[in-house]
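This report refers to the structure that appears directly beneath it.
Chain naming here is simple, since letters A, B, ... match the order of the sequence lines and numbering starts at 1 in each. Fair warning: this is a prediction, and the values are worked out from it, not measured in the lab.
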2 protein chains.
Amino acid sequence: MDPTDQLILRELSQSGRMTMKELGEKVHLTGQATAARVLKLEEAGIIDGYTIRVPKEKIGYPVHAFVTAIMHEPRHQKFLDELDSQPDTVSRYFKTSGEGCYLIECHFPTHQELDDFLNGISEFASYKVTIAIQQYGQ
Amino acid sequence: MDPTDQLILRELSQSGRMTMKELGEKVHLTGQATAARVLKLEEAGIIDGYTIRVPKEKIGYPVHAFVTAIMHEPRHQKFLDELDSQPDTVSRYFKTSGEGCYLIECHFPTHQELDDFLNGISEFASYKVTIAIQQYGQ
DNA sequence: GTTTTCACTTGATTAATGAAAGGAATTGAC
DNA sequence: GTCAATTCCTTTCATTAATCAAGTGAAAAC
């Protein structure tokens with residue numbers, strides 16, 4: 001992970017589909033040398049994959065919420081299965097220290113679906129909801 | 001946004017650097033037709049760009065925290081500038097309704113740097129920290 | 001009923017990728 | 001100090017994919 005690799009990561013984070021030739025120009029290498037470096041980064045797991053950025057509001061999911069879940073009982077698996085069964089709404093979730101047991105990032109078409117989600121969750125956990133009004137960065 | 005477009009989004013989310021030819025095979029179109037659809041999705045802002053997934057722990061930032069900031073005073077700009085000045089640690093942040101004013105997702109090499117970050121923030125806001133122990137999904 | 005539009009395919013051209021060979025700089029062994 | 005091994009890069013060439021330009025057919029517009 002020399003400075004060239006770091007630059008590669010920065011450039012690919014911004015524009016992950018540019019050609020190796022283009023990327024090579026940015027880091028002052030040939031396309032082939034650049035591709036070899038990228039391959040190494042992939043093999044090391046530093047580049048874990050390639051994705052697209054899709055603003056959720058553009059695909060009908062404008063309501064963005066963070067739900068802190070405080071579990072009622074120690075068996076969590078059914079709760080986690082419940083989360084995994086809704087990949088469209090549940091983007092990511094984390095086991096956490098701090099106030100809750102889990103922090104869930106999720107997106108919904110309307111507040112109605114958020115309400116439905118919370119009702120589904122309430123079987124397993126009590127919760128606290130934080131609505132994201134505006135996102136910065138990324 | 002017909003089912004083919006949705007499939008394109010799903011496939012590119014998983015593997016954002018596959019060739020248009022490959023993607024075309026998955027959605028039963030030629031590479032040319034697929035590229036045309038992808039271009040439309042880009043122009044519509046539905047595909048907002050291409051990125052890499054880089055696990056932060058692989059690049060020396062294993063400590064993952066969500067910081068809820070409750071502002072002391074109404075002028076937030078200096079606080080936001082402070083956040084923007086640390087792009088390595090501050091991944092994203094949100095203006096929120098609910099408990100705090102801002103929710104900040106951040107990564108650090110060690111708890112020491114988290115502490116430094118919190119000290120820097122404390123000038124503007126009080127805070128509550130949630131540490132992510134394990135991530136699921138994405 | 002004709003024309004326009006749209007989404008797609010086909011075919012030709014251009015550009016990128018991948019493989020192989022070779023050269024310079026670095027490292028370690030003796 | 002010299003030699004061999006390794007690493008990292010460049011160059012060249014064959015292969016493959018992307019791009020561009022027509023062209024087709026079906027649906028919508030008038």
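- Residue Tyr102(B) forms a ring-ring contact (aromatic ring centres under 6.0 Å, His included) with just one option from Tyr127(B), Phe94(B), Phe79(B), and that option is Phe79(B).
- Spacing between atom CE of Met20(B) and atom P of dC8(C) amounts to 14 Å, rounded to whole angstrom units.
- Between the side chain of Arg17(B) and the main chain of Gly49(A), no donor-acceptor pair closer than 3.5 Å is present.
- When the P atom of dT19(D) is taken as reference, atom NZ of Lys21(B) falls 15 Å away, rounded to whole Å.
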| Residues Phe66(B), Thr96(A); criterion side-chain contact (heavy atoms from CB on, under 4.5 Å); working and verdict | CA-CA 9 Å; Phe66(B) 288 87; Thr96(A) 59; 5.6 Å; no
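- Among Lys56(A), Glu105(A), Glu57(A), the single residue meeting the side-chain hydrogen bond (donor to acceptor under 3.5 Å, both in side chains) criterion with His64(A) is Glu105(A).
- Each of Thr4(B) and Arg17(B) was matched to the nucleotide of DNA chain C holding its nearest heavy atom; the match closer to the 5' end belongs to Thr4(B).
- Between Glu82(A) and Ser85(A), the side chains place no donor N or O within less than 3.5 Å of an acceptor N or O (distance only, hydrogens not considered).
- Of all the residues in residues 27-44 of chain A, Leu29(A), Thr30(A), Gln32(A), Ala33(A), Arg37(A), Lys40(A) reach under 4.0 Å from DNA chain D with at least one non-hydrogen atom.
- The CD1-P distance, from Ile8(A) to dC8(D), rounds to 12 Å in whole Å.
- Taking CD from Glu25(B) and OG1 from Thr30(B), the interatomic distance works out to 11.0 Å, rounded to the nearest 0.5 Å.
- Atom CD in Glu25(B) sits about 8 Å away from atom P in dA17(D), given to the nearest Å.
- Atom CG of Leu23(B) and atom P of dT19(D) are 13 Å apart (whole Å).
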